[in-house]
Amino acid sequence: MKGTVVFLFSLCCCLSGTQGLVDNQDQKTCCLSETCSLVKELLSIGEKLGTMGEKMGTMGDNLRLMETRLQTSEKEVEELKKITEGQPNVAFSANLRESGSGDTGPFTTNTPLQYKNVFANTGSSYNPATGIFTATVKGMYYFRFTVMNNLNSTPNSVVCLTKNGQRLVSVWDTTGTDAHDSGSNAVVLPLEVGDNVYVELQANRVVYDDTMNYNTFSGFLLFTM
C-alpha cells in the first residue's frame, strides 16, 4: 500500500511539472500544493490501515487462544461428567429421638444407639430399627456423631463410633459437676460392601436427648474405590 502511494506521489509531481510548462506560475504552484496534500492524506490513510491490520492480527490471535481454552474447558467438563455419571449417591442423617425427652441407657452391655428420627437416607444404607449403617458400595466414607451427656449431677456418658465391632473414635464425659455438656467426633474410612458402622453406647452409660436433637449420626460416600 505504501509503495503505491509513493508511486502516486512521484507521478503527480511529474504531472505537475509538465503542467507548469503550459500554465502560468500561479497555476503550477496551486496544483503542486494540492497534489502534495492529497499524497500526504494517502500516506496517512496507508499508515492507519497498516496499524488496523496489526490490531486485527492481534485480535485474531486472541480469538484463537480463547477458542483453544474453551475447547479445553469443554473436554474437562466431559471428563467430570464421565466420572460423576456412574457415582452412586449414599448419604444419611438421623437423630436419636422421634419425640419426648430423657435418658437412653444404661444397658448391661455395649449397645448400638438407634437413631430413629431420620432426616435423610439416600441409598437406604442406614437402618433406623438397628442404628446400623451397612455399606452397599465399596468406597471412602465420612461419618460424624454428636452426643449430649445425662442431666445428672455427675456425668456418665461414653459413646464410640464402631466398625464391624471395632471401636474407632469416641466421646467421653464422666467427670465434673456440670450436666449440660455435648461433644462430637468424626472419621473418614474405607468400607467394603457389607461393612457395618454404628454409634455404640458403652455399658452402664447414658445419654440425654429431647426435641432439641442433641444426639445425631450422619455419614455419606465421598468416592467409590
Side-chain angles (χ1 to χ4, degrees), residues 1-12 36-95 115 117-128 131-146 161-164 166 168-169 171 182-199 213-225:
M1 179 67 186
K2 190 173 182 180
T4 303
V5 173
V6 172
F7 171 75
L8 289 173
F9 175 76
S10 300
L11 178 61
C12 289
C36 289
S37 297
L38 177 60
V39 171
K40 288 180 180 179
E41 290 180 5
L42 289 173
L43 286 172
S44 178
I45 292 172
E47 291 176 356
K48 291 178 179 179
L49 288 174
T51 302
M52 290 177 62
E54 292 177 359
K55 291 182 179 180
M56 290 294 290
T58 302
M59 290 176 63
D61 292 339
N62 291 336
L63 285 173
R64 284 189 288 272
L65 179 60
M66 291 176 65
E67 183 179 2
T68 300
R69 290 177 177 175
L70 179 60
Q71 291 175 349
T72 301
S73 297
E74 289 176 346
K75 289 180 181 179
E76 291 175 349
V77 170
E78 290 300 322
E79 289 298 323
L80 286 173
K81 285 182 179 179
K82 290 179 182 179
I83 293 173
T84 58
E85 277 178 356
Q87 178 84 357
N89 296 318
V90 180
F92 78 97
S93 185
N95 180 69
Y115 296 84
N117 185 24
V118 178
F119 301 123
N121 193 14
T122 302
S124 301
S125 296
Y126 172 71
N127 186 350
I132 298 174
F133 173 89
T134 302
T136 56
V137 178
K138 180 181 179 180
M140 192 69 70
Y141 290 79
Y142 172 86
F143 293 95
R144 182 176 186 271
F145 65 100
T146 61
L161 185 70
T162 305
K163 171 188 173 184
N164 298 334
Q166 177 186 2
L168 300 177
V169 294
V171 173
S182 61
S184 66
N185 214 330
V187 68
V188 173
L189 71 158
L191 294 181
E192 299 286 340
V193 174
D195 282 346
N196 294 320
V197 177
Y198 50 93
V199 177
N213 300 333
Y214 306 112
N215 296 267
T216 62
F217 180 32
S218 304
F220 54 87
L221 173 67
L222 293 172
F223 52 85
T224 58
M225 295 189 303

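Please read these numbers as outputs of a predicted model, since none were measured by experiment. In this chain, numbering begins with 1 at the start of the sequence shown.
Side-chain atoms of Ser93 and Ser218 include a donor-acceptor pair closer than 3.5 Å. Between the side chains of Ser125 and Thr134, no donor-acceptor pair is found at a separation under 3.5 Å.
Put simply, the side chain of Glu76 reaches to within 4.5 Å of the side chain of Thr72, judged on heavy atoms. For the pair Val188/Tyr141, no side-chain contact is recorded, criterion being any heavy-atom separation below 4.5 Å from C-beta on. Residues Phe119 and Asn213 meet the side-chain proximity criterion, which asks for heavy atoms closer than 4.5 Å. Between Asp195 and Glu192 there is a side-chain heavy-atom pair separated by less than 4.5 Å.
Looking at Tyr126, Phe143, Tyr115 one by one, the single match for ring pair (Phe, Tyr, Trp, His ring centres under 6.0 Å) with Phe133 turns out to be Phe143. Tested against Pro88 for a side-chain contact (heavy atoms from CB on, under 4.5 Å), the candidates Thr136, Leu221, Thr122 yield a single pass: Leu221. Each of Asn95, Thr216, Asn185, Asn215 was evaluated against Thr146; a single residue qualifies, Thr216, per the side chain to side chain donor-acceptor pair (under 3.5 Å) test.
With rounding to the nearest 0.5 Å, the separation of CG in Leu65 from CZ in Arg69 is 4.0 Å. Atom CZ of Phe220 and atom CE of Met140 lie 13.0 Å apart (nearest 0.5 Å).
Counting heavy-atom neighbours within 6.0 Å of Asp61 CG, excluding the residue itself, gives a total above 12.
Closest heavy-atom contact between Lys163 and Leu168: CB-CD1, 3.7 Å. Closest approach of Pro190 to Met225, counting heavy atoms only: CB-CE, 3.6 Å.
Centroid-to-centroid, the aromatic rings of Phe145 and Phe217 stay 6.0 Å apart or farther.
Asn196 places no side-chain N or O within donor-acceptor distance of the main-chain N or O of Asn164, the cut-off being under 3.5 Å.
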query: So Val197 and Ile132, side chain to side chain contact (heavy atoms under 4.5 Å, CB included) or not? Walk me through it.
result: CA-CA 6 Å; Val197 177; Ile132 298 174; over 6 Å; no
